[in-house]
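A short worksheet on the structure shown next.
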Amino acid sequence: MKKLLFISLLFIGFISHAQDHLGMWSFESVDREAINTESMDKEKLEERIGKVSDMFGSLKLNFSDDGTYSLTVMGQIQSHEYVQNENILLLNKEDKLEVLTENKARFSSGSVVLFLQKGDVTVEKTYTYLKKTSYINEKIKEELLLGKWKVEEVRVVNKSEDADMFQKVGLMITLNFKTNNEVELGVSGFNNAQKFKINHDNNDLVGTSSSGEEKIVYRIHQLNDNFMIVSQIEDEILLYMVRDN
């Protein structure tokens with residue numbers, strides 16, 4: 001009788017452990033130990049962690065007992081099948097989930113390794129540079145604009161349903177000021193050159209299309225040799241930009 005009870009408990013424990021992966025998992029943090037830091041100082045490491053957190057902070061995985069799961073990130077939802085091998089789940093495109101405890105797992109996708117927590121949890125985002133939701137417009141020197149700039153951090157002030165998409169697109173933006181009246185606007189490698197002028201009453205960067213139509217592109221709040229803070233007024237997005245040498 002005791003032997004039968006022992007076997008039953010083992011079986012129940014196995015079933016329970018085998019189903020630990022079922023349900024929702026949410027982003028918790030970046031696995032720092034998985035990052036190759038050989039050629040990276042502390043500042044660069046924190047920048048890397050910040051960028052990965054920005055990109056995957058909304059990640060959620062939801063596993064069903066029929067061998068399928070849904071992946072949600074940046075507002076996009078995908079459904080795939082998975083294969084379970086004890087506490088390892090083999091996912092789409094060689095992604096992998098390793099269940100560490102009943103409440104914690106490690107998710108790997110290429111070179112990105114994240115810790116996930118059990119449940120539908122949204123982690124409050126922290127910012128390295130854009131610590132405020134609004135900035136006053138400081139007087140700027142236009143000559144400092146010359147050169148190419150890239151986005152280092154994005155803050156979406158208006159938390160709409162499109163916030164994740166704005167976050168993703170914002171990190172792909174570049175501005176290349178070729179002269180004092182010509183700028184090349186870039187998004188993910190696609191560039192559009194146009195004439196511009198600065199409205200010094202409010203620091204608006206006003207672009208002029210080939211048809212002669214004028215439109216406010218960005219509002220520049222702060223500008224120095226190393227960084228600038230600009231906003232995309234229409235969508236209430238703040239961008240922290242640094243020089244792209």
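For clarity, every value in this text was computed on a predicted model and none was experimentally measured. For reference, positions follow the sequence shown, starting with 1.
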* Asked: If you measure only the distance, is there a donor-acceptor pair under 3.5 Å linking the side chains of Y69 and H21?
  -> no

* If you group Ile, Leu, Val, Met, Phe, Trp and Tyr by side-chain heavy-atom gaps below 4.5 Å, do I88 and W25 land in one group? -> no

* Asked: What are the two closest heavy atoms between Q84 and E86, and how far apart are they?
  -> NE2-O, 3.0 Å

* R32/E46 ion pair, N-O < 4.0 Å -> yes

* Structure fact -> In this structure, CG of L239 is separated from CG of L130 (nearest 0.5 Å) by 8.0 Å

* Asked: Quick check: does any side chain N or O of H80 sit under 3.5 Å from a backbone N or O of N92, one acting as donor and the other as acceptor?
  -> no

* To do: Consider only side-chain heavy atoms of I, L, V, M, F, W and Y, link residues closer than 4.5 Å, and tell whether M24 and V99 are in one cluster.
  => no

* To do: Would you confirm whether N192, through its side chain, and L185, through its main-chain N or O, come within 3.5 Å as a donor-acceptor pair?
  => no

* To do: Report yes or no: does D95 contribute a side-chain atom to a donor-acceptor pair with the main-chain N or O of F107 at less than 3.5 Å?
  => no

* Do you know which two heavy atoms are closest between I173 and M241, and how far apart they sit? -> O-CE, 4.2 Å

* Is the Y129 ring parallel, tilted or perpendicular to the Y240 ring (thresholds 30°, 60°)? -> parallel

* Asked: Can you tell me if T179 uses its side chain to pair, donor with acceptor, with the backbone of N181 under 3.5 Å?
  -> yes

* With the 4.5 Å side-chain cut-off for hydrophobic clustering, are V113 and L97 part of the same group? -> no

* Apply the test side chain to side chain contact (heavy atoms under 4.5 Å, CB included) to residues E152 and E47: give CA-CA distance (whole Å), side-chain angles for both, the deciding distance (0.1 Å), then the verdict. => CA-CA 8 Å; E152 193 75 17; E47 287 180 6; 3.2 Å; yes

* To do: Supply the atom-to-atom distance D65 CG to L22 CG, rounded to the nearest 0.5 angstrom.
  => 6.0 Å

* Asked: Can you tell me if E153 uses its side chain to pair, donor with acceptor, with the backbone of T128 under 3.5 Å?
  -> yes

* Step-by-step side chain to side chain contact (heavy atoms under 4.5 Å, CB included) determination, L59 to L116 -> CA-CA 9 Å; L59 176 72; L116 306 186; 4.0 Å; yes

* Asked: So does E143 have more than 12 non-hydrogen atoms from other groups sitting under 6.0 Å from CD?
  -> yes

* **Close side-chain approach of L175 and L145, heavy atoms under 4.5 Å** => no

* Test item: M55 and V112 side chains (from C-beta on) under 4.5 Å apart, heavy atoms -> no

* Can we say E184 and K178 salt-bridge, meaning some charged N sits less than 4.0 Å from an Asp/Glu carboxylate O? -> yes

* Going by heavy atoms in the side chains, are L100 and N87 under 4.5 Å from each other? -> no

* Asked: Are F177 and L205 side-chain neighbours, meaning at least one heavy-atom pair lies under 4.5 Å?
  -> yes

* To do: Locate the shortest heavy-atom distance separating Y82 from L91; write the atom from each residue and the value.
  => CB-CD2, 3.6 Å

* Any donor and acceptor pair, going by atom type alone, linking the side chain of K197 with main-chain N or O of T208 inside 3.5 Å? -> no

* Is there a chain of hydrophobic side chains (I, L, V, M, F, W, Y, each step under 4.5 Å between heavy atoms) that links Y135 to V242? -> yes

* To do: Indicate yes or no for a side-chain donor-acceptor contact from K60 to the backbone of V121 under 3.5 Å, with no hydrogens or angles considered.
  => yes

* Student check: side-chain heavy atoms of V183 and V217 closer than 4.5 Å -> no

* Atom pair CZ/CG of R219 and N202 - distance to nearest 0.5 Å -> 4.5 Å

* Asked: Heavy atoms, side chains only, cut-off 4.5 Å: are L114 and F27 in contact?
  -> yes

* Asked: To the nearest 0.5 Å, how far apart are NZ in K96 and CD in E94?
  -> 10.5 Å

* Main-chain N/O of T133 paired with R155 side-chain donor or acceptor, under 3.5 Å -> no

* Are the side chains of L223 and N203 in touch, meaning some heavy atoms are under 4.5 Å apart? -> no

* Between the side chain of T101 and the main-chain N/O of K104, is any donor-acceptor distance below 3.5 Å? -> yes

* Output yes when a side-chain donor or acceptor of N199 lies under 3.5 Å from a complementary backbone atom of D201, and no otherwise. => yes

* Other residues, nucleotides, ligands: >12 heavy atoms within 6.0 Å of Q76 CD -> no

* Asked: Quick one: CD1 on I229 to CG on N137, what's the gap to the nearest 0.5 Å?
  -> 11.0 Å

* Asked: Can you tell me how far CE of M40 sits from CD1 of I35, rounded to the nearest 0.5 angstrom?
  -> 6.5 Å

* To do: State whether the number of non-hydrogen atoms from other residues, nucleotides or ligands found under 6.0 Å of E182 atom CD is greater than 12.
  => yes

* Provide the closest heavy-atom pair for V30 versus S53 in the form atom of the first, atom of the second, distance. => CG2-OG, 3.4 Å

* **Side-chain heavy atoms of K148 within contact of T174, under 4.5 Å** => yes

* List the atom of K131, the atom of Y127, and the distance in Å for their closest heavy-atom pair. => NZ-O, 2.8 Å

* Check whether V73 and L61 end up in the same hydrophobic cluster, where Ile, Leu, Val, Met, Phe, Trp and Tyr are linked by side-chain heavy atoms less than 4.5 Å apart. => yes

* Asked: What are the two closest non-hydrogen atoms of S231 and H221, and how far apart are they?
  -> OG-NE2, 2.8 Å

